[in-house]
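What follows is a short report on a single structure.
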Amino acid sequence: MSSPNERLDSIYQQVVARNPGEEEFHQAVREVIESLDPVLRRYPEFAEHKMIERICEPERQIIFRVPWEDDRGEIHINRGFRVQFNSALGPFKGGLRFHPSVYLGIIKFLGFEQVFKNALTGLPIGGGKGGSDFDPKGRSDNEVMRFCQSFMTEMYRHIGEYMDVPAGDIGVGGREVGYLFGQYKRLTGRYESGVLTGKDPAWGGALVRRESTGYGAVYFVDEMLKARNDSMEGKICVVSGSGNVAIYTIEKIHQLGGKVVACSDSAGFVYDEEGLDLDLIKQIKEVERRRIKAYADTRKQAKYTPKGDIWAVPCQVAMPSATQNELDEEHARTLVANGCLAVGEGANMPTTPAGIRVFLEAGVAFGPGKATNAGGVATSALEMQQNASRDSWSFEYTEERLASIMRGVHRTCWETAKDFDQPGNYVVGANIAGFIRVAEAMLALGLV
Ligand code: NDP
């Protein structure tokens, strides 16, 4: 009989061999697998029923052609993906990413993470993810609409409120969700609000969904600080990105008395010693869809650094909220040397494995994405509840539900880490708690 550790290593090798070239997926699997040795020792039935092998294999993977025409009449062919990873706990649930870097390995890493994240919320949602290598940057509204319509013309047959419920992610916000829903409605003839989340509250969306990932991430970090008898009040913070997650992370940090001094986009970062002017950022990013450089053109005391290293800006709280692997070992060492106390991952897998090790060894409170950014999908599940009951809740009530869910996610990770003899290690706590919930549901459903 092999030991749990040998068994885990062999499962990981099989995942690599069966999914060649999908590095991000391998990385996400490895991170979870490395936490599971004590789980297999405590629950030998999971090994006997091959729960890890089953969880690492998506239930279904769909790849499709997305042809569309630009404003000059030129035809473009993109590739669309929907990976329906695991539906043991509920319908597949997870966003769509439109970014030129998208390929199957990225969608699979995101879908895999989503399974555990959704389990951690305690809500009845399975995990999935989708997207395309389409680049919305510089495209007109009409081009984005035609792309979304073509994308949905294939995807509509694979989704539904009881089957698979997509939402937004990088490059997919309220505008795109609107075009996608419009095409779904046209193709099916059904006003099936629950088929997509992240909708505009004017036609079936939930209040707080737009703010939820960022707000939730800050609630999680605040809970980590409270567990150390500290709080967000007065903290100097750095938030990477300037998209949906970053903007509402900044907003909640400011509401809780912290000060965000830097944010970025893929071209560079801005530093504003007095604290970022969020109204200006929203105007530049949400209304005008311009580059973050425009911030420094307007606020004269702010400094713009093209292609610079945002993690060199001294801070007590760092919240990577742009993309995967944006914070590596060297960045982590710089943050620790500058006195960083807490890191909360607003993005999915933004810290490399070596970076995570640096934070854990230095005793930094480290919130992994699958716990810290779970507020977005949790509020999507609240949107599904409202759609199913044809109701709409107030902002205050919905935000209190979000805050309570995030306190619950924090408690689950904290208690699980303690129970498995790694107190304060939220990575282990999140991986183990998420895994056990999914594995128990799959066991109960039989060999499916
Ligand atoms: P947006 O598209 O709204 O914003 C993404 C931001 O990240 C932009 O500022 C973008 O800059 C920057 N960015 C994207 N790709 C890169 C890259 N390769 N290098 C450097 N910067 C990059 O996306 P979201 O805010 O929705 O998503 C951000 C992260 O949060 C992602 O990891 C996503 O998976 C995760 N997440 C999102 C949730 C949501 O509800 N939206 C829920 C949970 C997690 P630029 O404009 O220059 O590309």
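Numbering of ligands and ligand atoms starts at 1, following listing order.
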**Item:** Residues in ring pair (Phe, Tyr, Trp, His ring centres under 6.0 Å) contact with F359, at least two apart in sequence or another chain
**Value:**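 Per chain and number, F359 pairs via ring pair (Phe, Tyr, Trp, His ring centres under 6.0 Å) with F366.
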**Pairs meeting criterion salt bridge (Lys or Arg N to Asp or Glu O under 4.0 Å) with involvement of residues 329-351, two or more places apart** = E329-R333
**Asked** Checking K252 against Y215: charged group under 6.0 Å from the ring centre and within 45 degrees of the axis?
**Response**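 Yes, cation above the ring, under 6.0 Å and within 45°.
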**Request:** Under the salt bridge (Lys or Arg N to Asp or Glu O under 4.0 Å) rule, collect the residues that match up with E69, sequence neighbours excluded.
**Result:**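 None.
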**Fill in**
Closest heavy-atom pair, H158 versus D164, reported as atoms and distance to 0.1 Å, is O-CB, 3.8 Å
Write none if no such pair exists; otherwise list each N/O atom of ligand 1 with its protein N/O partner under 3.5 Å and the distance.
{"unit_1": "ligand 1", "atom_1": "2 (O)", "unit_2": "G171", "atom_2": "N", "d": "2.9"}
{"unit_1": "ligand 1", "atom_1": "3 (O)", "unit_2": "N244", "atom_2": "N", "d": "2.9"}
{"unit_1": "ligand 1", "atom_1": "9 (O)", "unit_2": "S242", "atom_2": "N", "d": "2.9"}
{"unit_1": "ligand 1", "atom_1": "9 (O)", "unit_2": "S242", "atom_2": "OG", "d": "3.4"}
{"unit_1": "ligand 1", "atom_1": "11 (O)", "unit_2": "S266", "atom_2": "N", "d": "3.3"}
{"unit_1": "ligand 1", "atom_1": "25 (O)", "unit_2": "N244", "atom_2": "N", "d": "3.2"}
{"unit_1": "ligand 1", "atom_1": "25 (O)", "unit_2": "V245", "atom_2": "N", "d": "2.9"}
{"unit_1": "ligand 1", "atom_1": "32 (O)", "unit_2": "R97", "atom_2": "NH2", "d": "3.4"}
{"unit_1": "ligand 1", "atom_1": "32 (O)", "unit_2": "N348", "atom_2": "N", "d": "3.1"}
{"unit_1": "ligand 1", "atom_1": "34 (O)", "unit_2": "R97", "atom_2": "NH2", "d": "2.9"}
{"unit_1": "ligand 1", "atom_1": "34 (O)", "unit_2": "D169", "atom_2": "OD1", "d": "2.6"}
{"unit_1": "ligand 1", "atom_1": "34 (O)", "unit_2": "D169", "atom_2": "OD2", "d": "3.3"}
{"unit_1": "ligand 1", "atom_1": "34 (O)", "unit_2": "N348", "atom_2": "ND2", "d": "2.8"}
{"unit_1": "ligand 1", "atom_1": "40 (O)", "unit_2": "R209", "atom_2": "NH1", "d": "3.4"}
{"unit_1": "ligand 1", "atom_1": "40 (O)", "unit_2": "R209", "atom_2": "NH2", "d": "3.1"}
{"unit_1": "ligand 1", "atom_1": "40 (O)", "unit_2": "T213", "atom_2": "OG1", "d": "2.7"}
{"unit_1": "ligand 1", "atom_1": "47 (O)", "unit_2": "S266", "atom_2": "N", "d": "2.9"}
{"unit_1": "ligand 1", "atom_1": "47 (O)", "unit_2": "S266", "atom_2": "OG", "d": "2.5"}
{"unit_1": "ligand 1", "atom_1": "47 (O)", "unit_2": "R291", "atom_2": "NH1", "d": "3.4"}
{"unit_1": "ligand 1", "atom_1": "47 (O)", "unit_2": "R291", "atom_2": "NH2", "d": "2.5"}
{"unit_1": "ligand 1", "atom_1": "48 (O)", "unit_2": "K137", "atom_2": "NZ", "d": "2.9"}

**Prompt:** Mind checking whether V66 and E154 have side chains closer than 4.5 Å, heavy atoms only?
**Reply:** no
